[in-house]
Participant: 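Just dropping this structure here.
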Amino acid sequence: MEKPSLPKGTRDFGPQTMARRNFILQSIRSVFQKFGFQPLETPAMENLSTLTGKYGDEGDQLLFKILDSGDFLKNVDATKLETRNSKLVANDISEKGLRYDLTVPFARYVVMNRHEITLPFKRYQIQPVWRADRPQKGRYREFYQCDADVVGTDSIICEAEIILMIKEVMALLRIADYTIKINHRGVLNGIAETMNATGKEADLFVAIDKLEKIGEENVRKELSEKGFTTQQQDKLFELLKTPGSPEQKLNTLLNAFATSASGKKGIDDLKTAFDLLGHYQSSSDHVDFDVALARGLSYYTGCIFEVKINNVAIGSVSGGGRYDNLTQAFGSKEKLSGVGISFGIDRIYDAMDELNLFPVEANASSKVLICHFDDNTLQHGLALLTALRQKGISSEVYPEVSKLKKQLDYANKKSIPFTIVIGEEELKTEVFAVKNMTTGEQQKWSTEQIIQHLA
RNA sequence: GUGAAUGUAGCUCAGUUGGUUAGAGCACCAGAUUGUGGUUCUGGGGGUCGCGGGUUCGAGUCCCGUCUUUCACCCCA
């Protein structure tokens with residue numbers, strides 16, 4: 001008999017883990033709903049044609065493909081098969097794949113249901129996604145994304161609200177030390193134009209993004225290898241090192257981008273976003289204009305976001321940005337601009353775990369355990385149990401007759417905060433011993449008093 | 001996908017140049033305590049040493065393969 005095991009990069013979530021995951025999930029969901037987003041779910045699998053070509057060559061490699069049913073090799077071209085090149089035959093034997101993110105299925109949904117969608121359309125979506133990546137810490141092959149997107153408006157209000165939502169989620173999770181990095185694709189293009197590197201954006205941006213991780217020296221080394229002159233590099237780092245507050249940086253860069261239309265547009269959008277935060281009576285605390293942030297290059301066209309929890313060795317816990325042409329990839333003639341944010345709850349979990357940030361409430365299951373001594377007291381406990389449940393107090397009874405010690409141990413292990421002991425004496429007086437498992441204090445209460453105190 | 005490291009009880013780890021029956025702490029179960037837990041004491045259960053081959057009189061220890069996890073690259077939540 002083979003030992004059971006899980007596919008690489010996937011996990012089971014036990015009750016304790018689920019309680020904490022739900023705590024995170026519910027925090028995020030409540031914020032999304034508060035900001036007017038409506039739920040959407042899409043299938044785990046999509047047609048491969050929906051998924052391929054949307055994430056760049058790298059992304060296509062990471063797609064999980066689903067083998068066609070039936071006799072899928074029957075009609076495959078024999079000469080193709082003989083090449084033994086799996087890439088050549090992949091499309092002939094697989095027409096479906098597991099979704100890689102939630103944004104592309106959302107875009108597909110919008111195009112397919114355009115007639116019944118009122119713009120601007122705000123949806124949130126919380127579902128697992130799959131990537132055939134090599135697993136590492138904080139990187140899984142199956143993980144959940146929590147996305148909120150708005151399509152059908154260019155308004156920077158949406159960008160500002162994304163920042164507000166991130167702040168609210170972090171506050172609910174009691175994560176205090178985090179940074180929302182924000183940049184703009186236009187700023188990146190402006191940099192490329194200003195340093196005379198148009199046409200080589202891809203190499204440039206990939207190198208820029210590594211600045212924080214590998215430092216200026218190594219970035220310069222990489223740029224030299226890619227054929228950037230020292231002069232270009234000097235100009236680049238002059239821009240990247242623009243000093244001051246976000247506002248000061250924006251002003252300095254605006255001057256630097258005098259000849260770059262997209263650079264100016266980028267600065268403009270970012271300025272608007274920062275201004276709007278003020279109108280929302282919010283601050284730019286935690287928000288950092290990071291000129292070196294370059295993510296999601298294959299489809300973001302406007303603002304780019306990334307959220308890092310500080311002092312944990314885990315990648316970004318959230319990312320997002322504005323995209324102009326996602327629906328065009330599905331043949332939509334109308335140009336729909338969208339902007340969205342995605343929280344990775346698996347990484348948030350890992351970070352909170354490492355920082356010991358889970359509140360005790362996130363562990364509790366039942367609030368009350370009813371303990372007893374024999375069949376008679378057990379049976380009478382059921383009436384009390386029903387009374388408690390009718391008042392919405394989540395409670396359970398120890399389902400078999402056993403020693404009190406064992407029942408109290410059970411309550412401890414499940415972090416049940418109150419126990420009620422029912423014995424012959426309690427049956428006569430109808431006053432029960434209610435024990436606070438944290439303090440050890442014990443009170444004598446009637447059913448009404450119990451409900452009053454615990455509801 | 002490329003390159004590297006790791007794997008001994010549920011968990012964290014010991015285990016000498018290859019040599020009897022592989023250990024500890026924590027956790028678990030039982031008792032001390034027939035209506036009061038998280039402390040203490042006593043006892044107990046639990047390991048095909050990741051899996052499969054090989055070398056050897058003999059392998060947890062050496063070699064090869066494989067899987068898992070981790071790290072770097074790539075990319076990303």
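First the proteins, then the strands, lettered A, B, ... as listed; each starts at 1. These values consider heavy atoms only, across backbone and side chains, with no hydrogens, waters or symmetry-generated copies. These figures come from a predicted structure and were not determined experimentally.
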Participant: In residues 138-148 of chain A, what residues come within less than 4.0 Å of RNA chain B, judged by heavy atoms?
Facilitator: A:Gly138, A:Arg139, A:Tyr140, A:Phe143, A:Gln145
Participant: Is there a residue in residues 91-109 of chain A whose heavy atoms reach under 4.0 Å of RNA chain B, and which residues are they?
Facilitator: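 None, since no heavy atom is under 4.0 Å.
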Participant: Kindly say whether, by distance alone, the side chain of A:Asn412 makes a donor-acceptor pair under 3.5 Å with the base of B:G38?
Facilitator: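 Not at all, since no donor on one side and acceptor on the other fall under 3.5 Å apart.
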Participant: For residues 100-111 of chain A, dump all side-chain donor-acceptor pairs below 3.5 Å to protein atoms at least two apart in sequence or in another chain.
Facilitator:
residue, atom, partner, partner atom, Å
A:Asp101, OD1, A:Tyr55, OH, 2.7
A:Asp101, OD1, A:Thr103, N, 3.4
A:Asp101, OD1, A:Val104, N, 3.3
A:Asp101, OD2, A:Tyr299, OH, 3.1
A:Thr103, OG1, A:Asp147, OD2, 3.3
A:Arg108, NH1, A:Glu46, OE1, 2.9
A:Arg108, NH1, A:Glu46, OE2, 2.5

Participant: How would you list all residue pairs meeting ring pair (Phe, Tyr, Trp, His ring centres under 6.0 Å) that involve residues 160-181 of chain A, not counting sequence neighbours?
Facilitator: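 Of all non-adjacent pairs touching residues 160-181 of chain A, those that pass ring pair (Phe, Tyr, Trp, His ring centres under 6.0 Å) are A:Tyr178-A:His286.
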Participant: Do any side-chain atoms of residues 428-437 of chain A form donor-acceptor pairs under 3.5 angstrom with protein atoms, and if so which ones, sequence neighbours left out?
Facilitator:
residue, atom, partner, partner atom, Å
A:Thr429, OG1, A:Glu425, O, 3.2
A:Thr429, OG1, A:Val431, N, 3.3
A:Asn436, OD1, A:Thr438, N, 2.8
A:Asn436, OD1, A:Thr438, OG1, 3.3
A:Asn436, OD1, A:Thr439, N, 3.1

Participant: So, using side-chain contact (heavy atoms from CB on, under 4.5 Å) as the criterion, who are the partners of A:Phe13 when residues are at least two apart?
Facilitator: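 side-chain contact (heavy atoms from CB on, under 4.5 Å) check on A:Phe13 returns A:Arg11, A:Thr17, A:Met18, A:Arg21, A:Asp346.
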Participant: Polar-atom pairs under 3.5 Å, protein N or O versus N or O of nucleotides 33-35 of chain B: list them with distances, or write none.
Facilitator:
residue, atom, partner, partner atom, Å
B:G35, O6, A:Glu424, N, 3.4
B:G35, O6, A:Glu425, N, 3.3
B:G35, N1, A:Glu426, OE1, 2.9
B:G35, N1, A:Glu426, OE2, 3.4
B:G35, N2, A:Glu426, OE2, 2.8

Participant: Please list, chain by chain and in numerical order, all residues satisfying side-chain contact (heavy atoms from CB on, under 4.5 Å) with A:Lys210, sequence neighbours excluded.
Facilitator: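 A:Lys210 satisfies side-chain contact (heavy atoms from CB on, under 4.5 Å) with A:Val206, A:Ile214, A:Glu222 once adjacent residues are dropped.
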Participant: Counting the atoms with a prime plus P, OP1 and OP2 as sugar-phosphate, which does A:Asp346 contact under 4.0 Å by heavy atoms, base, sugar-phosphate, or nothing?
Facilitator: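 Result for A:Asp346 = nothing.
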Participant: Return the stems involving RNA chain B, sorted by first number, where pairs are Watson-Crick (N1-N3 with N6-O4 or O6-N4) or G-U wobble (N1-O2 and O6-N3), both under 3.5 Å, and runs are 3 or more long.
Facilitator: B:1-5 with B:69-73, B:10-13 with B:23-26, B:28-32 with B:40-44, B:50-54 with B:62-66
Participant: I'd like the C1' distance from B:C26 over to B:A72, given in whole Å.
Facilitator: 34 Å
Participant: Taking only residues two or more places apart in sequence or in another chain, which ones pass side-chain contact (heavy atoms from CB on, under 4.5 Å) with A:Tyr398?
Facilitator: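 Only A:Leu369, A:His372, A:Glu400, A:Ser402, A:Lys406, A:Gln407, A:Tyr410 meet the side-chain contact (heavy atoms from CB on, under 4.5 Å) criterion with A:Tyr398.
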Participant: Consider the side chain of A:Lys8, meaning its heavy atoms from C-beta on, and name the nucleotide among B:C71, B:U68, B:C76 that approaches it most closely.
Facilitator: B:U68
Participant: Pick base, sugar-phosphate or nothing for A:Lys413, based on heavy-atom distances below 4.0 Å to the nucleic acid.
Facilitator: sugar-phosphate
Participant: Please enumerate all protein N or O atoms sitting under 3.5 Å from an N or O of nucleotides 3-11 of chain B, with distances to 0.1 Å.
Facilitator:
residue, atom, partner, partner atom, Å
B:G3, O6, A:Arg134, NH1, 3.1

Participant: Quick one: list whatever passes side-chain contact (heavy atoms from CB on, under 4.5 Å) with A:Lys403, sequence neighbours left out.
Facilitator: none
